[in-house]
Amino acid sequence: MISNLVPVAVDTQTASKDFWARYHAYRRIRHAETRPDDPLQPDHLVEQRMKREDPFEFEHRYEISRDGQMMSYLIAATGRPGSPGYDSNKDFMWADASVHPDFRRRGIGRSWIPLIVELMDRHGCTTLTTGSEEESGHAFLKWLGAEGKLGGAENRLELSTVDWAMMRRWSEEGGKRSPSTKLEVYDGPLPREMWEDYCPQLTAMLNTMPWEQLDHGDIVVTPAVLAEWFDRMEMQGTVLHTMLTREPDGTISGITDMNYAPYKPNMIDQQFTGVRTDARGRGLGKWLKAAMLLHVKEVHPELERVVTGNAHSNAPMLAINTQMGFRQYRAGIEYQITRARLLARPGA
Ligand SMILES: CC(C)(COP(=O)(O)OP(=O)(O)OC[C@H]1O[C@@H](n2cnc3c(N)ncnc32)[C@H](O)[C@@H]1OP(=O)(O)O)[C@@H](O)C(=O)NCCC(=O)NCCS
């Protein structure tokens, strides 16, 4: 079995060249296993991202390696005291672990349990959240005693299948049905003078997303959070596109945003789309989605597909996406388990 293997903490600030070589070899194997047709993020961008300390979260990374080969990797995170939304999120730790396909079913996965419990105790966390899109992950998490709480999928839209006449119609009809509502377009970070006003409106919309059975705290976006997102995007060369609808009194009634990373020029990530509950049923969601699709196709002519993630229970969003032509690419489940139940597993 694996009794002589121990998890070793990774400090990305001081990690050696050997660590990065092991890590990049490992993530290539995982990439080939999970998303073989997608471009791989270049090593230097990955290192840059992992070396940047998150001001709002503690991030703990560990590896299990032998003879210069990484066999397993784990990341766990939880909010830093004082970070926006800390009070309602402090009980939760999020983690993701994987084992090299050649070394599964030898007890490596279960050997992470004592470390996770120790990290949860260090931060006073009582619930662990983790997810999987793989059969092995579902089987392991069921064995662990974790409960599936939120079902979702990565959905993709192939631009070759889009009915562009319908998209133009949605976009035009949106404006006609709400003649006093303005559509605003921003390429790149939002202007700083908007942040104070934008953050509470985005926060309110984000917290209307369905969570199904998942226990969770509030999402709180402040100007400091936005600044961190924008700095990271600039550092990574990612381009943000935002569209919003604004009512005559200045209220933002709908938001949609997409991220474009130049290392994968044929795809773009559709992030959040939300319409205020009191503005639903007016076609704003379709207007925003169609206008954004027409816009990014114009700005990035090399695009072939849009990638997004949705909860299975998000009926209004899925209805729009399905009409546009989005199809399921990979399904996944978010699981939770309490510290007490983790301790009850063998190996803990
Ligand atoms: C999930 C994962 C980390 C498990 O790692 P592992 O080292 O193979 O797990 P273990 O050997 O400790 O398995 C513990 C128990 O889980 C169950 N289990 C694990 N993988 C299983 C599988 N593919 N099929 C059925 N049961 C499985 C078994 O009961 C196993 O005990 P047993 O081998 O004595 O029967 C690994 O399969 C993986 O990397 N999957 C892809 C990533 C992922 O989905 N991670 C999600 C978890 S955060």
Side-chain angles (χ1 to χ4, degrees), residues 1-10 22-38 40-41 46 50 57-67 69-78 92-120 123 125-154 212-216 309 311-312 328-339 341-348:
M1 291 282 279
I2 49 101
S3 50
N4 55 343
L5 296 173
V6 281
V8 175
V10 174
R22 283 195 300 280
Y23 180 70
H24 292 310
Y26 182 79
R27 72 183 186 90
R28 277 172 173 71
I29 287 163
R30 289 288 293 142
H31 185 84
E33 192 179 20
T34 55
R35 280 170 178 71
D37 301 326
D38 293 353
L40 181 81
Q41 191 173 24
V46 172
M50 288 169 64
E57 284 206 321
F58 294 110
E59 290 178 316
H60 299 284
R61 300 179 171 89
Y62 288 83
E63 62 171 321
I64 294 177
S65 295
R66 186 174 64 192
D67 302 331
Q69 182 178 32
M70 191 172 286
M71 302 164 84
S72 186
Y73 183 77
L74 175 136
I75 176 162
T78 188
F92 300 100
M93 174 163 280
W94 168 87
D96 183 55
S98 58
V99 173
H100 187 300
D102 293 350
F103 302 107
R104 292 187 186 150
R105 299 301 293 271
R106 299 184 194 188
I108 296 182
R110 80 176 74 180
S111 77
W112 288 115
I113 302 171
L115 175 71
I116 281 286
V117 173
E118 186 199 314
L119 290 172
M120 290 176 80
H123 296 289
C125 299
T126 50
T127 298
L128 179 73
T129 305
T130 184
S132 186
E133 301 176 325
E134 293 162 80
E135 278 315 310
S136 57
H138 297 308
F140 174 77
L141 290 165
K142 276 181 193 130
W143 165 83
L144 193 62
E147 288 175 77
K149 298 279 191 87
L150 172 67
E154 177 180 324
E212 299 179 1
Q213 311 309 315
L214 199 80
D215 290 331
H216 64 96
H312 291 320
Q328 182 167 305
Y329 179 72
R330 285 180 80 98
I333 300 175
E334 294 292 309
Y335 294 81
Q336 287 184 318
I337 184 167
T338 60
R339 176 190 174 281
R341 286 199 77 178
L342 264 176
L343 271 176
R345 284 323 300 176

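Both ligands and their constituent atoms are indexed starting at 1 by order of listing. Numbering of residues begins at 1 and proceeds along the displayed sequence. Everything numeric here is computed off the predicted structure, so don't read it as measured data.
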Which distance, rounded to the nearest 0.5 Å, do you find between the CZ of F140 and the OG1 of T130?
9.0 Å
Salt bridge (Lys or Arg N to Asp or Glu O under 4.0 Å) contacts in which one or both residues fall within residues 133-143, not counting sequence neighbours:
R30-E134, R35-E133, E133-R330
Over 60° means perpendicular and under 30° means parallel, so classify the ring planes of F103 and H100, tilted if in between.
perpendicular
Which residues share a side chain to side chain contact (heavy atoms under 4.5 Å, CB included) with Q213, sequence neighbours left out:
K149
Applying side chain to side chain contact (heavy atoms under 4.5 Å, CB included), name anything that partners E212, two or more places apart in sequence or on another chain.
L150, A311, H312, S313
For ligand 1, would you mind listing the residues that have at least one heavy atom less than 4.0 Å away, ordered by chain and number?
R30, A97, S98, V99, R104, R105, R106, G107, I108, G109, R110, T130, G131, S132, E134, S136, G137, A139, F140, W143
Show the nearest heavy-atom pair for residues S132 and G137, with the distance to one decimal.
OG-CA, 3.4 Å
